[in-house]
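One structure below.
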Amino acid sequence: MTPGTRYGNRKVAVAGVALSDCGRVDEATPYALHAQAARRALADSGLDRSVIDGFASAGLGTLAPVEVAEYLGLRPTWVDSTSVGGSTWEVLAAHAADAIAAGHASAVLLVYGSTARADIKAGRRTANLSFGSRGPLQFEVPYGHTLIAKYAMAARRHMHQYGTTLEQLAQIAVQARANAAGNPDAMYRDPITVDEVLSGPVIADPFTKLHCCIRSDGGCAVLLVAEDYVPDLAKPPVWVLGSGTSVSHTTMSEWDDFTVSPAAVSGRLAFERAGVRPSEIDLAELYDAFTYMTLVTLEDLGFCAKGEGGAFIEKGRLLRDGALPVNTDGGGLAACHPGMRGLFLLVEAVRQLRGEAGPDRQVRKPGGSLPQLAVASGTGGWFCSSGTVVLGRG
């Protein structure tokens with residue numbers, strides 16, 4: 001294939017996925033984690049690195065993704081560095097799939113890596129309280145309106161408006177930890193109880209420590225290719241069936257409804273373009289920097305009605321063997337969260353659809369068959385942006 005040649009509307013497949021070393025990685029640089037994940041994803045695909053003509057990265061370097069591509073020894077003819085927080089990777093996957101379908105690229109590598117935890121431990125950076133104080137944010141930052149405070153305010157609004165309880169929110173953390181128990185790569189695998197979640201130190205009311213994501217190191221990579229490469233893949237393809245993106249607000253005063261996230265739009269678009277309904281989805285990988293994110297995203301993607309998220313997550317529905325397995329690797333609450341975690345959602349969804357998650361966390365449909373459809377939905381900022389991708393087995 002000649003890079004840049006228009007081939008028409010081609011189908012797009014996930015060819016390879018991989019994690020770098022994750023959790024506590026004290027000796028590696030972020031660049032090294034990018035490279036490690038990229039090599040592993042390429043090996044997973046069975047393709048040669050020479051096929052890569054597209055590259056997408058965000059979060060590292062002054063000229064991202066140019067610096068990372070140089071480090072990896074790549075000279076892509078299609079690049080993207082769209083950065084919209086945690087939803088970055090679903091948005092980049094949507095852009096890459098569109099480019100491949102249109103013939104602007106044939107094999108696009110998405111890669112991420114961060115040493116957020118190690119940097120803080122070594123004193124190379126500090127924990128950030130705010131995204132900045134310029135532009136519209138200048139009207140909120142002087143009042144201590146941090147990112148976590150914004151999520152906490154939104155959670156309180158949902159509790160006030162719909163009767164959602166702290167115990168229901170705590171159940172999300174409990175079930176995430178239970179899912180992590182079967183994941184050897186998860187940073188925290190020991191079980192926790194609702195009482196332990198509720199009795200922890202308060203970070204921002206109503207969130208205690210266990211309502212919040214962990215801080216880890218780690219990276220991952222995903223290789224998307226045109227259908228032309230599928231016969232050469234080492235493993236059966238997972239197809240990109242549909243995607244959607246949306247943005248909502250920056251300042252809280254411009255957020256119409258604290259109980260509705262932009263996933264309400266990105267999810268609708270993704271499902272419509274994939275030609276599937278939420279009820280057909282076998283598992284969901286959702287961004288979970290805080291427990292409330294999981295709850296409201298479930299509502300906005302249409303898995304339950306608005307205001308019913310609290311009741312929906314009860315009775316173990318989010319567990320690997322529950323009615324709707326969610327964050328089957330343990331998510332950002334238990335497995336890993338090195339920063340913009342959205343790419344990890346795609347990796348886990350693909351592994352589940354391939355049947356590669358291992359005996360202790362592989363999702364099975366009634367009767368024992370593998371899942372057919374998965375959704376990955378990332379959230380950026382404080383529900384400022386959303387990207388949703390629907391994936392399906394071949």
Side-chain angles (χ1 to χ4, degrees), residues 85-87 136-137 139-140 143-176 194-195 197-200 202-213 244 246-269 271 278-279 284 286-318 323-324 326-327 331-333 375 377-386 388:
S87 63
L137 294 177
F139 302 110
E140 296 181 349
Y143 302 97
H145 208 182
T146 61
L147 180 146
I148 186 172
K150 296 174 182 182
Y151 276 106
M153 288 177 62
R156 275 295 182 194
R157 181 61 196 181
H158 199 282
M159 296 170 68
H160 169 77
Q161 189 163 331
Y162 296 110
T164 307
T165 68
L166 285 173
E167 288 77 11
Q168 290 171 333
L169 289 172
Q171 269 289 341
I172 295 171
V174 170
Q175 293 179 53
V194 168
D195 286 343
V197 177
L198 298 181
S199 63
V202 175
I203 306 300
D205 183 78
F207 297 145
T208 60
K209 181 179 179 180
L210 292 177
H211 281 284
C212 308
C213 67
S246 179
V247 298
S248 178
H249 61 279
T250 295
T251 51
M252 298 289 280
S253 61
E254 298 304 309
W255 190 358
D256 293 336
D257 186 339
F258 284 13
T259 70
V260 178
S261 79
V265 177
S266 70
R268 174 179 56 79
L269 293 173
F271 289 131
S279 60
L286 310 179
Y287 207 97
D288 61 340
F290 307 101
T291 52
Y292 177 61
M293 295 177 74
T294 302
L295 183 145
V296 79
T297 304
L298 286 168
E299 293 179 346
D300 291 339
L301 291 180
F303 292 114
C304 59
K306 179 55 62 181
E308 296 180 3
F312 180 84
I313 58 89
E314 294 178 335
K315 299 180 181 178
R317 280 192 174 90
L318 311 188
L324 178 68
V326 171
N327 295 341
L333 293 171
V375 62
S377 190
T379 303
W382 35 99
F383 293 116
C384 303
S385 64
S386 176
T388 303

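Values below: every heavy atom of this structure, side chains too, minus hydrogens, waters and symmetry copies. These numbers were taken from a predicted model, which means no experiment stands behind them. Residue numbers count from 1 along this sequence.
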| task | Determine whether the aromatic ring centres of F290 and F207 lie less than 6.0 Å apart. | result | yes
| request: Taking the six-membered ring for Trp and the full ring for Phe, Tyr or His, determine whether the centres of H158 and F258 are under 6.0 Å apart. | output: no
So how far is it from [X] [atom1] to [Y] [atom2], rounded to the nearest 0.5 Å?
| X | Y | atom1 | atom2 | result |
| --- | --- | --- | --- | --- |
| I313 | E299 | CD1 | CD | 10.5 Å |
| L298 | M293 | CG | CE | 12.0 Å |
| T146 | E140 | OG1 | CD | 10.5 Å |

Would you say that [X] contacts [Y] through its side chain, given a criterion of any heavy-atom pair below 4.5 Å between the two side chains?
| X | Y | value |
| --- | --- | --- |
| E167 | E314 | no |
| L169 | T165 | no |
| C384 | V247 | no |
| T251 | F139 | no |
| V296 | K306 | yes |
| S246 | S385 | no |

| task | Dump the intermediate steps for side-chain contact (heavy atoms from CB on, under 4.5 Å) on V326 and I172, then the final yes or no. | result | CA-CA 10 Å; V326 171; I172 295 171; over 6 Å; no
| message | Run the side chain to side chain donor-acceptor pair (under 3.5 Å) test against T297 and tell me which residues pass, sequence neighbours left out. | response | none
| said: So, applying side-chain contact (heavy atoms from CB on, under 4.5 Å) with N327, which one of L318, D288, L333 is it? | reply: D288
| query | Hey, what's the ring geometry for W255 with F383, parallel, tilted or perpendicular (30° and 60° as the breaks)? | reply | tilted
